[in-house]
Structures are given as structure tokens and as C-alpha cells.
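Atom set for the values below is all heavy atoms of this structure, side chains included, hydrogens, waters and symmetry mates excluded. Given the structure is predicted, the values throughout are model-derived calculations rather than measurements. For reference, positions follow the sequence shown, starting with 1.
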Amino acid sequence: TTYSPDGRMTTMWFDGPADDFIAACKAGSGKGNTSGHFICGSTIQVNGAKAVANSRLILVMRTKLDGVPVDLTSNGRFIDRFTKQNGKWAIHHRRTIYDKDRMDLVTPGTAPQLDNAELQSYAEGYRHLAYIQKRAGRGLTPDTPTFGSELLANLYRDDDTWLKG
């Protein structure tokens, strides 16, 4: 009920209807990963029955990489387009922006073997998360915005146009 009936979700590994995203998350639940999202302060611009919210986000995940337990921390933002329908606000489109991430060993001295060339091939804002997601068999969404990227600048311009229109 958080999303509008035509709600969309876009992350580095998914771009499509919110209902499909929720189903994909449920299908992946209980497969050895534990993760959570901390949503911090938000700024919201409202124009009539439309709004754009920019919320800070911290993703934490514990998983295994080549059998070695690792913790991943990803800092970013949710940028949400909201619409008000029948007196209720709901997310029309949620996009995830990736600012930076890191991977830490759970047990020092037990490191997985990383393919450094592959790791470096991913955008800096979500490099470690992408590496883990690919190892889990998930695809990657092309053109994922990161901190300071032209894609992010375009997204902000598009949101301003959408909000005013």
C-alpha cells in the first residue's frame, strides 16, 4: 500500500513495477543474506497532488562471498515521486541513488578472493554491492545514478519538470 497502483521501483538490480520488486524481494528472502535499510532525514517538495522526496539511506547487509562472511554498507538516497490519489499519498516511482559503499570482513584474516578487474568495472558509488549482487545471480540495471554523476543531474532536472508539470 506504500506504492500507487502503477508504482515503479528502480535500483541497481531492478527496474520495473513495484509489485514485481516486492515479489522478487520475497523470493530472495531467507536465502542466507540479512539486510536492512535505515531511512534518515528527508526533504520534500510538494506541488498540488505531486511531491518529490529525497531521503538519505543506509543499507547494511551480511552475506557470504565465496563462503566468507562479509558485511556491506552502502550509503545513498531514495528519490521518490509521490502522487496523491483519492486523498492518499503513495509512491509513484522510487529510485535509488548510490553515493558510496564498502565491504568489511566479519572475521579478520579470512578474506574472499576478489576479481579486482571486475570490481573496478562497477561504478564507485555501488562497486561492492554490484559485485555481491552479480555473485548472487542478479543482473544490474544499466545507467544507475551515483553521487555527482550526469545521470543524477538529469534525474534532478526530470523531477523538477515532472513536479512543475
Side-chain angles (χ1 to χ4, degrees), residues 2-3 7-16 18 20-22 24-25 28-29 31-45 51-82 91-163:
T2 303
Y3 288 90
R8 262 188 105 64
M9 179 68 180
T10 303
T11 71
M12 53 145 322
W13 64 271
F14 182 90
D15 184 23
D20 292 352
F21 174 76
I22 292 165
C25 290
S29 179
K31 296 197 174 171
N33 296 340
T34 58
S35 66
H37 294 76
F38 298 93
I39 301 174
C40 307
S42 300
T43 57
I44 303 169
Q45 296 174 291
V52 174
N54 189 328
S55 305
R56 293 308 245 160
L57 162 71
I58 302 168
L59 163 69
V60 294
M61 175 191 299
R62 176 158 291 176
T63 190
K64 288 186 177 178
L65 192 54
D66 297 331
V68 178
V70 295
D71 284 337
L72 178 107
T73 305
S74 178
N75 295 55
R77 286 164 277 156
F78 282 138
I79 298 180
D80 298 320
R81 287 183 180 180
F82 281 87
I91 297 172
H92 175 69
H93 192 176
R94 169 168 277 179
R95 281 85 30 97
T96 308
I97 311 306
Y98 300 90
D99 294 336
K100 65 178 184 173
D101 72 351
R102 62 180 288 148
M103 184 170 39
D104 298 296
L105 299 173
V106 173
T107 306
T110 58
Q113 286 286 54
L114 301 180
D115 179 337
N116 195 49
E118 179 185 348
L119 186 65
Q120 296 303 316
S121 73
Y122 302 124
E124 185 177 356
Y126 59 88
R127 181 168 287 155
H128 300 92
L129 181 58
Y131 192 90
I132 288 171
Q133 295 288 22
K134 285 296 276 187
R135 292 292 179 284
R138 285 191 167 148
L140 298 177
T141 304
D143 301 328
T144 299
T146 58
F147 178 76
S149 70
E150 185 62 30
L151 290 168
L152 182 57
N154 291 340
L155 188 146
Y156 283 144
R157 279 193 293 276
D158 290 347
D159 279 349
D160 286 342
T161 300
W162 177 82
L163 188 60

For this session: Just jot down the side chain to side chain donor-acceptor pair (under 3.5 Å) partners of Asp20, sequence neighbours excluded, or say none.
Result: none
Min side-chain heavy-atom separation [X]-[Y] under 4.5 Å:
X      : Y      : result
Arg94  : Thr2   : no
Leu129 : Leu72  : yes
Trp162 : His92  : yes
Phe82  : Val52  : no
Val70  : Ile132 : yes
Asp159 : Gln45  : no
Ile44  : Ser55  : no
Met9   : Ile91  : no

Exercise. With distance as the sole criterion, is a donor-acceptor pair present between the side chains of Tyr131 and Arg127 under 3.5 Å?
Worked result: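 The answer is no; no qualifying pair exists.
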Exercise. Just wondering, more than 12 heavy atoms not from Glu150 lying within 6.0 Å of its CD?
Worked result: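 Counting other residues, nucleotides and ligands, CD of Glu150 exceeds 12 neighbours.
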For this session: Please indicate whether Tyr156 has more than 12 foreign heavy atoms, meaning atoms of other residues, nucleotides or ligands, lying under 6.0 Å from its OH.
Result: yes
For this session: Begin with the C-alpha distance, continue with both residues' side-chain angles, and end with the deciding distance and a verdict on side chain to side chain contact (heavy atoms under 4.5 Å, CB included) for Thr11 and Gln133.
Result: CA-CA 12 Å; Thr11 71; Gln133 295 288 22; over 6 Å; no
For this session: Mind listing the closest non-hydrogen atom pair of Ser149 and Pro145 along with its distance?
Result: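 So the two residues come closest at OG-CA, 3.9 Å.
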Problem set entry | For Lys134 against Tyr122, the heavy-atom pair lying closest together |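 Nearest heavy atoms, Lys134 then Tyr122: CG-OH, 3.2 Å.
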Does the [X] side chain pair with the main chain of [Y], one donor and one acceptor, at a distance under 3.5 Å?
X      : Y      : answer
Tyr98  : Met12  : yes
Asp101 : His128 : yes
Arg95  : Ile79  : yes
Thr141 : Thr144 : no

Exercise. Taking only residues two or more places apart in sequence, or in another chain, which ones meet Phe14 in a ring pair (Phe, Tyr, Trp, His ring centres under 6.0 Å)?
Worked result: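 With sequence neighbours excluded, Phe14 shows a ring pair (Phe, Tyr, Trp, His ring centres under 6.0 Å) to Phe21, given in chain and number order.
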Problem set entry | Derivation and outcome, side chain to side chain contact (heavy atoms under 4.5 Å, CB included), residues Ile97 and Leu155 | CA-CA 10 Å; Ile97 311 306; Leu155 188 146; 4.0 Å; yes
Exercise. Side chain to side chain contact (heavy atoms under 4.5 Å, CB included) with Asn75: which residues, sequence neighbours excluded?
Worked result: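 Checked Asn75 against side chain to side chain contact (heavy atoms under 4.5 Å, CB included); matches are Ile58, Thr73, Lys100.
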For this session: Decide, yes or no, whether a salt bridge links Arg102 with Asp71 under the criterion of side-chain N to carboxylate O below 4.0 Å.
Result: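 Salt bridge between Arg102 and Asp71, a charged N being under 4.0 Å from a carboxylate O: no.
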Exercise. Charged N to carboxylate O below 4.0 Å: is that the case for Asp158 and Arg81?
Worked result: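 Answer for the salt bridge query: no.
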Problem set entry | Intermediate values then yes/no, side chain to side chain contact (heavy atoms under 4.5 Å, CB included), Leu65 and Arg135 | CA-CA 8 Å; Leu65 192 54; Arg135 292 292 179 284; 3.6 Å; yes
For this session: Kindly determine whether Phe147 and Arg77 satisfy side chain to side chain contact (heavy atoms under 4.5 Å, CB included), including the steps that lead there.
Result: CA-CA 10 Å; Phe147 178 76; Arg77 286 164 277 156; 4.0 Å; yes
